[in-house]
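What follows is a set of notes on a single structure, which appears directly below.
Every chain is numbered from 1, with letters handed out A, B, ... down the list of sequences.
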Amino acid sequence: MNIFDNYLQKINKLILDNKKSLNLKNLDNLKNINLEVPPEQFNFDLSTNISLVLSKPNKIDSNDLANKIKELFIKFIIHFEKVEVAGPGFINIKLSKEGILSNIKDIFNNRNFYGAKKSNKTFNIEFVSANPTGPMHVGHCRGAIYGDVLSNLLSFNGNKVVKEYYINDYGNQIENFVESVYRRIREIKYNEKFIAKENLYPGDYIREIANNILKQNKNIAVNNFKDSFKELKQLSLKESMALIKNDLKLLGITHDIFSSETDLINKDLVSKAVKCLKKDNYVEEGFLTPPKGELSKDWKKIKRLIFKSTLFGDDMDRALQKNDGSWTYFANDVAYHMDKINRKFNNLINILGADHTGYIKRITAAVLALSKKKVNLNCKVCQLVKLYKDGKPFKMSKRAGDFISAQDLLNEVDKDSLRFMMLNRSNDVELDFDFDKVKEKTKDNPVFYVQYAYARINSIVRALNINLNDKILIAPDKFNPNIYEEKILRKIFEWPKIIESASFKYEPHKIPYYLYELSTLFHSYWSKGNEDNKFKFIKNGKVERDETLAFVFLIAIVIKNGMNILGVSLPEKM
RNA sequence: GCGCCUGUAGCUCAACUGGAUAGAGCGCUUGGCUACGGACCAGGAGGUUCUGGGUUCAAAUCCUAGCAGGCGCACCA
């Protein structure tokens, strides 16, 4: 448990025990009470809005109430040493040395789990799910890293998380892809010119796939596309998935499960899913409303099965069947999500690219319908990535033809920097990715800055020949933190809050921001030694004050936990 | 036209499920360090949080009407 939860619980109990003397009759909004880090200038450890929240419904003056609560705090909560009412009725609290030390002890005891918000739900996170028609590109990278780190974060809290990849190995795009491979094979085998007609994939990697297939299947028949299709599809998919898995590996990402769309269809799960929806009257046979504006030539008014997604907040009902009666992509996806529901997850999360925003309502609706509103699907969207190099938008088209591949990126920057920078923004915001910045070994590069703090800590450990895994426990009478250490400590105490809010809103970007701030405090303290000898960490090969070492170790613990979640490495030397 | 996302310092962005004097980095500016305990540190200037209304003790945050930008609006995948 973190210190905020811990003390908040004590505060709540104290208020309930004393509600008569405080003249509190209405405690409905007790849950709105929070315990936070006060703004820095106040120089306190904790701050609560309790009086502001309770005064109104009980028709008491906020300041009067705050002062009464203040007295209770001092009297009954042993770790609260100094309590002050400030502003409109906030109560600021400074912890006693004993209180601080007991919390420090907890951190050392929890160590690799310090900050975790304990939870034991089951999550399924579907991410990347790039079409298996070629290697990953930049846009996939962002979602891939976001999904991976979100999984790490939720696992860190103790949840069971399954990372899943949905292979869209069915439909027209796959046929076009396989045909492209087919033609490339003929090109190699019979010297037949590859004509890049519409819908075919022109990229060089198709040629490589063709080569690989030929190498292993010298006698493969490519006389007639229809006849070769089945075998070639299987071989081509194997190749393209190998490309994708390799890209993922380079990014440091592994999925637990790869689910195949073709599999779902073969198992007839689609008709089962539709039947399930039908049973609850969510499916009707009818006509789609024609698209607004000018009718396209393809538009046909045909009776078909339609999912009534508007019942669950969608803008329009969605077709489950195409003109020819076959299932739509959406219908297959409904089946896929039914499969996930049947695998008993509390929470489903889909990570999508910005271009799939319009799809969210219908699939969320489907999950609600299939699960009788028991399972919640949460779709998170990653906005576009814009690349910059030399201050200009960066466009590169090497092997791919028309897109920048993950490999192109990784040729320029290392995995750690890529991961950190991709996370250093809220997923809802477009991300400018500047190659030059990421490669710098300066403060401009936040990855470096955080890693450097950790490396500096390790230089101390080396100089003193001590072990970073030791606990530094200090007796209260010998504990005299200076102002820099107090600041650091408050930041360290804040860590569980960061984890909590990052987990709650699925916003892992809060972690890199926090780590940067923590690193700033460290570098700043470190530099004090250059200005004033009394702040030097090491003098004559020794540490004079245990506090120094304790704070340095605490910082190391938090940076390590944070970077582990981000999946970014921490060199001990740089 | 409809839906989703975004709008905060010159630029790129934070702001802990409504909190106190809205914070960082870059850029600008002033100073310190000349070091492997290196690749940094400290200070300064810089704000009508897109606009108008509303809710609240308290609004960048919630509601509402607009404005601007991005993405999407198939029987594709």
Side-chain angles (χ1 to χ4, degrees), chain A residues 4 32 34 36-42 47 49 51-53 55-56 61-62 86-90 92 129 131 133 168 170-174 176 261 288 291-293 296 298-300 302 304 314-316 318-333 353-361 379 381 383-384 386 388 424-432 434 437 440-446 448-449 452 455-457 459-460 462-463 494 497-502 504-505 507 509-510 512-514 516-517 520 523-531 536-538 573-574:
Chain A
F4 299 93
N32 291 336
N34 57 30
E36 309 187 335
V37 185
E40 201 183 303
Q41 67 269 19
F42 294 108
S47 169
N49 62 352
S51 169
L52 292 164
V53 171
S55 57
K56 187 71 193 289
D61 179 75
S62 172
F90 289 100
N92 291 327
S129 298
N131 279 338
T133 54
N168 298 128
Y170 188 84
N172 293 330
Q173 290 193 20
I174 291 299
N176 294 332
E261 186 177 3
L288 288 174
K292 293 254 163 71
S296 79
D298 306 340
W299 170 253
K300 284 182 191 156
I302 286 176
R304 71 188 83 218
D314 197 2
D315 310 315
M316 56 192 264
R318 303 291 172 175
L320 294 166
Q321 287 176 303
K322 303 184 195 174
N323 281 344
D324 63 6
S326 64
W327 298 122
T328 58
Y329 171 84
F330 173 62
N332 296 344
D333 211 17
D355 51 342
H356 287 83
T357 316
Y359 191 73
I360 294 174
K361 281 186 181 174
C379 292
V381 172
Q383 296 298 326
L384 298 177
K386 289 191 278 185
Y388 287 88
N424 205 21
R425 284 281 173 276
S426 155
N427 58 289
D428 281 333
V429 174
E430 284 190 10
L431 183 143
D432 292 348
D434 189 331
K437 205 173 241 187
E440 273 178 41
K441 289 206 183 312
T442 70
K443 202 185 165 176
D444 294 2
N445 179 355
F448 167 80
Y449 192 71
Y452 184 39
R456 274 181 155 173
I457 289 172
S459 81
I460 300 172
R462 278 194 300 276
E494 203 183 334
K497 277 251 187 210
I498 301 298
I499 290 293
E500 185 178 346
S501 80
F504 178 73
K505 300 185 99 181
E507 290 182 342
H509 72 274
K510 290 169 197 290
Y513 274 98
Y514 169 86
Y516 188 90
E517 286 164 13
T520 299
H523 288 306
S524 169
Y525 186 23
W526 175 283
S527 299
K528 283 286 170 290
N530 292 336
E531 291 163 26
K536 269 221 183 336
F537 290 7
I538 301 173
K573 259 184 181 173
M574 298 184 76

> If you look at every strand shown and take non-hydrogen atoms under 4.0 Å, does A:Met316 touch a base, only sugar-phosphate, or nothing?
Replying inline: nothing

>> Can you measure A:Asn168 atom CG to B:C76 atom C1' for me and round it to whole angstrom units?
In response: 12 Å

>> Without decimals, in angstroms, what is the distance between A:Lys386 NZ and B:C11 P?
In response: 14 Å

> Heavy atoms under 4.0 Å, any strand shown: does A:Phe4 hit a base, just sugar-phosphate, or nothing?
Replying inline: nothing

> Could you state the interatomic distance from CG (A:Asn92) to CD (A:Glu36), rounded to the nearest 0.5 Å?
Replying inline: 10.5 Å

> Does any non-hydrogen side-chain atom of A:Gln321 lie less than 4.5 Å from one of A:Ser326?
Replying inline: no

> To the nearest Å, how far apart are A:His509 NE2 and B:U6 C1'?
Replying inline: 14 Å

> A:Ser55 side chain to A:Asp61 main-chain N or O, any donor-acceptor pair under 3.5 Å?
Replying inline: no

> Now, which nucleotide makes the Watson-Crick or G-U wobble pair with B:C73, with each of the two distances under 3.5 Å?
Replying inline: B:G1

> When rounded to the nearest Å, what value does the distance between P atoms of B:G10 and B:U48 take?
Replying inline: 8 Å

> Going 5' to 3' along nucleotides 17-37 of chain B, which nucleotides have protein heavy atoms under 4.0 Å from the base (write B), which only from the sugar-phosphate (write S), and which from neither (write -)?
Replying inline: B-BB----SS----------B

> Using the ring of each side chain (for Trp, its six-membered ring), is A:His509 parallel, tilted or perpendicular to A:Tyr513, with breaks at 30° and 60°?
Replying inline: perpendicular

> Looking at the side chain of A:Ser527, which of B:C41, B:C4, B:A77 is the nearest nucleotide?
Replying inline: B:C41

> Taking the six-membered ring for Trp, are A:Tyr359 and A:Phe330 parallel (under 30°), tilted (30 to 60°) or perpendicular (over 60°)?
Replying inline: perpendicular

> When you compare B:A14 with B:U55, how far apart are their P atoms, in angstrom units rounded to a whole number?
Replying inline: 31 Å

>> Nearest to the side chain of A:His523, heavy atoms from C-beta on, is which of B:G3, B:A77, B:C40?
In response: B:C40

> What's the spacing between A:Lys386 NZ and A:Leu431 CG if we round to 0.5 Å?
Replying inline: 10.0 Å

>> For a ring-ring contact (aromatic ring centres under 6.0 Å, His included) check, start with the C-alpha distance between A:Phe537 and A:Tyr525, then their side-chain angles and the critical distance, and finish with the verdict.
In response: CA-CA 9 Å; A:Phe537 290 7; A:Tyr525 186 23; 5.0 Å; yes

>> Main chain of A:Val381, side chain of A:Asn427: is a donor-acceptor contact present, judged purely on distance under 3.5 Å?
In response: yes

For nucleotides 69-71 of chain B, list the nitrogen or oxygen atoms of the protein found under 3.5 Å from its nitrogen or oxygen atoms, one pair per line.
from: B:G70; atom 1: O2'; to: A:Glu430; atom 2: OE2; distance (Å): 2.8
from: B:C71; atom 1: O2'; to: A:Ala354; atom 2: O; distance (Å): 2.8

>> Whether the A:Asn131 and A:Thr133 side chains hold a donor-acceptor pair (N or O, under 3.5 Å, no angle test) is what I'd like checked.
In response: no

>> Heavy-atom nearest nucleotide on RNA chain B for A:Leu431 versus A:Lys528: which residue maps closer to 5'?
In response: A:Leu431

> Should A:Ser524 be listed as having a side-chain N or O under 4.0 Å from OP1 or OP2 of B:A42?
Replying inline: yes

>> Taking only the P atom of each, what is the distance from B:C16 to B:C11 in whole angstrom?
In response: 23 Å

>> I need the CG-C1' distance between A:Leu320 and B:A74, as an integer number of Å.
In response: 15 Å

> Sub-3.5 Å donor-acceptor pair from the side chain of A:Lys536 to the main-chain atoms of A:Gly529, do we have one?
Replying inline: yes

> Which base sits across from B:A58 as a Watson-Crick or G-U pair, both distances under 3.5 Å?
Replying inline: none

>> Without decimals, in angstroms, what is the distance between A:Arg425 CZ and B:U8 C1'?
In response: 13 Å

> Under 4.0 Å: is that the gap between some side-chain N or O of A:Tyr388 and OP1 or OP2 of B:C11?
Replying inline: no

> Say you pick atom C1' in B:C13 and the same atom in B:U8; how far apart are they, in whole Å?
Replying inline: 9 Å

> What's the OH-C1' distance between A:Tyr359 and B:G72, to the nearest Å?
Replying inline: 14 Å

> So what does A:Val381 hit on the nucleic acid, given a heavy-atom distance under 4.0 Å: a base, only sugar-phosphate, or nothing?
Replying inline: nothing

>> Partner lookup for B:U29, please. Criteria are Watson-Crick or G-U wobble with both distances under 3.5 angstrom; report none if nothing qualifies.
In response: B:G43

>> If you only use heavy atoms from C-beta on, which nucleotide in B:A39, B:C41, B:A77 is closest to the side chain of A:Phe448?
In response: B:A39

> So what does A:Ser62 hit on the nucleic acid, given a heavy-atom distance under 4.0 Å: a base, only sugar-phosphate, or nothing?
Replying inline: nothing

> Is a salt bridge present between A:Lys497 and A:Glu494, judged by a nitrogen-to-oxygen distance below 4.0 Å?
Replying inline: no

> When rounded to the nearest Å, what value does the distance between C1' atoms of B:A22 and B:A60 take?
Replying inline: 8 Å

> Do A:Arg456 and A:His523 come close enough that some side-chain heavy atom pair is under 4.5 Å?
Replying inline: yes

> With both distances kept under 3.5 Å, what pairs with B:A68, Watson-Crick or G-U wobble?
Replying inline: B:U6

>> If I pick the P atom on B:C2 and the same atom on B:G25, what distance separates them, to the nearest angstrom?
In response: 43 Å

> Should B:U34 form a Watson-Crick or G-U wobble pair with both distances under 3.5 Å, which nucleotide is its partner?
Replying inline: none

>> Measuring only the C1' atom in each nucleotide, how far is B:A58 from B:U21? A whole number of Å is fine.
In response: 14 Å

> Between atom CG in A:Asn32 and atom P in B:C16, what is the gap in whole Å?
Replying inline: 16 Å

> Rounded to whole angstroms, how far apart are CD on A:Glu494 and P on B:A14?
Replying inline: 17 Å

>> Using the C1' atom as the point on both nucleotides, what is the distance between B:A39 and B:A20, in whole Å?
In response: 39 Å

